[in-house]
Protein chains: 2
Amino acid sequence: MVKTGETVKKLSRKGYRLTPQRLMILEAVDGADDHISAEEIYAQVCDQYPNLNISTVYRTLELLKELELVTETDLGDGRVRYHNIKKGHHHHLVCHRCGNIIDMDEAVLSPLKAALLMQYGFNAELRHLAIFGLCKECK
Amino acid sequence: MVKTGETVKKLSRKGYRLTPQRLMILEAVDGADDHISAEEIYAQVCDQYPNLNISTVYRTLELLKELELVTETDLGDGRVRYHNIKKGHHHHLVCHRCGNIIDMDEAVLSPLKAALLMQYGFNAELRHLAIFGLCKECK
DNA sequence: TATGCAGATGCAAGGGGTTGCAATTGCCAA
DNA sequence: TTGGCAATTGCAACCCCTTGCATCTGCATA
Ligand SMILES: [Zn+2]
Ligand SMILES: [Zn+2]
Ligand SMILES: [Zn+2]
Ligand SMILES: [Zn+2]
């Protein structure tokens, strides 16, 4: 799914380079079936390039967020998770009793976004959110 | 604002004690004008009781949350902040360009809460939230 | 009052993530 | 080709917070 040409363009437009490390990290995010953590990316890339440092992973993820190539979310388990932005915008409802995670369409938050803009002139970034509470079974 | 008698009752109902450390920590949260961080609580209480350990502060804050005596929120500056739950339910809109923080009434999120309950049977805990984005000036 | 026992604390180590710095890399212009 | 220079990296130290463990505290019961 990584289109190297486009990625290079997006990076170089801001004076950044597509280094081997960055490419491998992006591929790891891309190849993951689910949300992947920095530590998991690190372990995976280390298999082919053991020199990689974990701080490079974090810095790269920061960069990829900035370029809107990946999104992050914190599902409440003490680490942030990432996925390619092309996997579609969505949010999660996290039950903190049973741990169940319900996927939720982006549209559910549209009225809130509109209300915040209307009432406060605030342009909320409601991207890949996790909302905590109790699910149907645990209520 | 700390009512020792009531607090003791709330604690002992679950088999917990109101230790001097816990009382001092609660008083620090209570006496703060604004949202206060664990480190600030620690520094403040240490003035009168230098033996206090930072992990006791964190454990106590966890307990006070559980008993619904304090709420926490993460305003995006890399540390969690707390205040007494009696200061009223509210949320914050945080501009991540200029850093401006707009206070927001609880009611703004009521429609969302209702929608989540209706559509997903999910009972969301939307308590003392921070929503990030761009304020009117920075848009 | 003496004994038992769960709750609470201090301490040190650990986990996830960030940052300052010096060394390295790779583009670009001469 | 060769410097020059900014971007990038690895490394180590640090920050915020959590956790395992041994010690200590204080209520309850006999
Ligand atoms: Zn997701
Ligand atoms: Zn549940
Ligand atoms: Zn607040
Ligand atoms: Zn702003």
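For the numbers below, each heavy atom of this structure counts, side chains included, while hydrogens, waters and symmetry mates do not. A, B, ... follow the sequence lines: proteins, then strands. Residue 1 opens every chain.
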Examine distances only and state if a side-chain atom of Arg79(B) and a backbone atom of Ala38(B) form a donor-acceptor pair shorter than 3.5 Å.
no

Which residue in the set Lys87(B), His92(B), Glu40(B) passes side chain to side chain donor-acceptor pair (under 3.5 Å) when paired with His35(B)?
His92(B)

Which part of the nucleic acid, if any, lies within contact of Arg79(B), taking any heavy atom under 4.0 Å across all strands shown: a base, the sugar-phosphate backbone alone, or nothing?
sugar-phosphate

Do you see a donor-acceptor pair shorter than 3.5 Å between the side chains of Lys136(A) and Asn123(B)?
no

Quick check: closest heavy atoms across Val57(A) and Ile25(A), and the distance to 0.1 Å?
CA-CD1, 3.8 Å

Leu75(A) CG - dG16(C) P separation (whole Å):
16 Å

If I take atom CG in residue Leu18(B) and atom C1' in nucleotide dT9(C), what distance separates them, rounded to the nearest angstrom?
15 Å

What is the distance, rounded to the nearest whole Å, between atom CE of Met24(B) and atom C1' of dT9(C)?
12 Å

Could you identify which residues of residues 46-67 of chain A place a heavy atom less than 4.0 Å from some atom of DNA chain C, listed by residue number, or say none?
Ser55(A), Tyr58(A), Arg59(A)

Grab the CZ-C1' distance between Arg17(B) and dG7(C) for me, whole Å please.
4 Å

Measure from CD on Glu39(A) to P on dT18(C) and round the result to the nearest Å.
12 Å

Between atom OH in Tyr16(B) and atom P in dT9(C), what is the gap in whole Å?
12 Å

Can the ring centroids of His128(B) and His90(B) be said to lie less than 6.0 angstrom from one another?
yes

In a check of salt bridge (charged side-chain N to carboxylate O under 4.0 Å, His left out) between Arg127(B) and each of Glu68(B), Glu106(B), Glu72(B), which one passes?
Glu68(B)

With a 4.0 angstrom cut-off to heavy atoms of chain A, pull out the first and last contacting nucleotide of DNA chain D, in 5'-to-3' order.
dA6(D) to dC11(D)

Determine whether a donor-acceptor pair (N or O, by modelled atom type, separation under 3.5 Å) exists between the side chain of Lys10(A) and the backbone of Leu67(A).
yes

